Amino acid sequence: MTSFADITTIGVGGPIARFIEPTSRVGVIEAVEDADSKHLPLCVIGGGSNMLVADAPFDGVVVRDARRRITVPDEAAPVENGERIVHVNAEAGCNWDDFVAFTVELGLEGVEGLSGIPGTVGASVVQNIGAYGQEVATTVESVEVWDRRDKKTLDIPATDMGFGYRMSRLKESMYAAPATPAAEFFPSPRYIVLSVTFALRHSATGTVGYGQLAKALGVEVGDRMATKAIRDAVLKVRAAKGMLEDAGRYANPAMAGTKRDDQLAIARRAQESMPDYNRHSCGSFFMNPILTPEAAAALPEDAPRFDATLPNGEPGVKTSAAWLIDHAGFHKGYRIADDASAGLSTLHTLALTNRGNATAADIAALARVVQDGVEAAFGVRLVPEPVVVGLDLR
């Protein structure tokens, strides 16, 4: 029986009553509809990189889209304009980094800074993934979804997706409040992604939009470089921070075939030494808090501050969750006890890791200690970034 431990990057979670991998668009819709009609718990999962699921059995249906086709409609009808925009459509089940590799190989600019992020194309727009100066929202043209409430397909233009910091209209449908599941749709959104159409720029070069990346490339922020060079540098920076998934997970039969063989070979070559447990994580576990100006003013003078927008549209201040964690006394490698199976990454305080045989309860216990410590020190309650199922981390 497949378990969430088999299909998530952090490697924890209980057995699944029914695991389905539809190979057609109709099959995805039918699988979702069947679960909804029987009022069964439904979890539509991508790469499993942004989920923390309890150890208890999941008595419902888990659907993983097995469709991974990428097409370029503009090859038949090229778009001729000053921006040289090329549209690329990817099915929801396509591995995200495979998609990035495809676009770079095709000579397209727009998502190279998002290299190495585990997950799928479908999950990318739910979460509005972002890194190294790019967000997926800036390249999305439209998202094709199945509306579980109205029982129909929709093409949602990017302008109607409600994109924000690690947020979208899709993700918003899952929550009544931060980290509080909605009554009707959880742990999967009202809108299930079927495919995404991206608008990318035909260019072999891209803009270096982040200081850490510029330093790695030996250039200045704003300089233009070959997109392949940017992708290679992003992968190296992520690897140095332990923020690449463990390529070894694809040896698990439950993960077989979900990633391009050539890209998997590249990942394996980068991890030829013994497994690095820093990679057994959900990535960044807590979102960077966006505070009111008054709340931000109460932080220590040296706390990071960036202009941001509050959920109500008013001006806010974003600070660094990693900074708060570290300055609350939780340093790299922190564990609740010396022999604890869960710990902060030894390379990055924002990642909670499975050190080999942790349970979901172990990860949750560590998360709560960090949340409580940061709140006691700074009055800020950190909100988990992953979808947390069967556990309360409010």
Side-chain angles (χ1 to χ4, degrees), residues 1-67 92-93 119-120 122-123 125-127 145-154 167-194 252 254-255 258 282 285 358-364 367 383-394:
M1 177 181 286
T2 301
S3 71
F4 278 102
D6 295 323
I7 59 175
T8 59
T9 54
I10 199 166
V12 302
I16 298 164
R18 190 179 182 202
F19 180 58
I20 308 173
E21 294 186 275
T23 58
S24 69
R25 179 176 176 277
V26 170
V28 173
I29 295 171
E30 287 180 343
V32 171
E33 266 291 271
D34 182 62
D36 283 346
S37 68
K38 295 174 181 175
H39 306 289
L40 295 172
L42 171 69
C43 177
V44 178
I45 193 170
S49 60
N50 200 48
M51 296 198 74
L52 176 64
V53 185
D55 302 303
F58 184 79
D59 295 322
V61 179
V62 175
V63 177
R64 186 172 68 187
D65 192 338
R67 302 171 307 131
T120 59
V125 292
V126 176
Q127 180 73 357
V145 302
W146 171 254
D147 183 344
R148 296 168 65 192
R149 179 179 292 169
D150 292 343
K151 314 297 182 187
K152 63 181 182 181
T153 57
L154 298 172
M167 184 55 64
S168 69
R169 174 182 175 186
L170 281 57
K171 184 177 178 180
E172 188 176 29
S173 71
M174 296 165 54
Y175 293 98
T180 304
E184 188 174 5
F185 299 110
F186 188 86
S188 294
R190 169 182 171 178
Y191 307 98
I192 302 300
V193 180
L194 300 173
N252 187 317
M255 295 300 299
T258 61
C282 299
F285 195 87
T359 64
D362 293 331
I363 303 294
V383 176
E385 188 170 315
V387 176
V388 180
V389 182
L391 300 159
D392 189 352
L393 290 181
R394 285 176 286 183

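Please read all numbers here as calculations on a predicted model, not as lab measurements.
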Close side-chain approach of [X] to [Y], heavy-atom, < 4.5 Å:
| X | Y | answer |
| --- | --- | --- |
| L40 | L42 | no |
| M174 | P189 | yes |
| D34 | V61 | no |
| R190 | D150 | yes |
| L393 | F285 | yes |
| M1 | P57 | no |

Of the non-hydrogen atoms in [X] and [Y], which two are nearest, and what is the gap between them?
| X | Y | result |
| --- | --- | --- |
| C43 | P187 | CB-CG, 3.9 Å |
| T120 | G93 | CG2-O, 3.8 Å |
| C282 | P386 | CB-CG, 3.8 Å |

Quick one: [atom1] on [X] to [atom2] on [Y], what's the gap to the nearest 0.5 Å?
| X | Y | atom1 | atom2 | value |
| --- | --- | --- | --- | --- |
| D147 | L154 | CG | CG | 5.0 Å |
| M167 | Q127 | CE | CD | 8.0 Å |
| I192 | L170 | CD1 | CG | 8.0 Å |
| D392 | R394 | CG | CZ | 4.0 Å |
| K171 | N50 | NZ | CG | 6.5 Å |

Subject >> Residues which pass side chain to side chain donor-acceptor pair (under 3.5 Å) with E172, listed by chain and number, not counting sequence neighbours >> reply: none

**OP:** For T2, check side chain to side chain donor-acceptor pair (under 3.5 Å) against everything at least two apart and list the hits.
**Re:** none

Without placing hydrogens or testing angles, list every side-chain donor-acceptor pair under 3.5 Å for residues 22-30, not counting sequence neighbours.
unit_1	atom_1	unit_2	atom_2	d
S24	OG	G27	N	2.9
R25	NE	E144	OE2	2.8
R25	NH2	E144	OE2	2.7

Original post:
With a 4.0 Å cut-off, would you call K151 and E33 a salt bridge?
Top reply: yes

Enumerate, atom names and distances included, each donor-acceptor pair closer than 3.5 Å involving a side-chain atom of residues 8-15, sequence neighbours excluded.
unit_1	atom_1	unit_2	atom_2	d
T8	OG1	F4	O	2.8
T8	OG1	G11	N	3.4
T8	OG1	V12	O	3.4
T9	OG1	S281	O	2.6

Subject >> Backbone of A361 reached by a side-chain donor or acceptor of D55 within 3.5 Å >> reply: yes

**OP:** Report the residues that fulfil side-chain contact (heavy atoms from CB on, under 4.5 Å) with A92, sequence neighbours left out, ordered by chain and then residue number.
**Re:** D65, R67, V193

Original post:
So R148 and S188, side chain to side chain contact (heavy atoms under 4.5 Å, CB included) or not? Walk me through it.
Top reply: CA-CA 10 Å; R148 296 168 65 192; S188 294; 3.8 Å; yes

Original post:
Got a sec, which pairs hit ring pair (Phe, Tyr, Trp, His ring centres under 6.0 Å) with one end in residues 168-193, sequence neighbours left out?
Top reply: Y175-F186

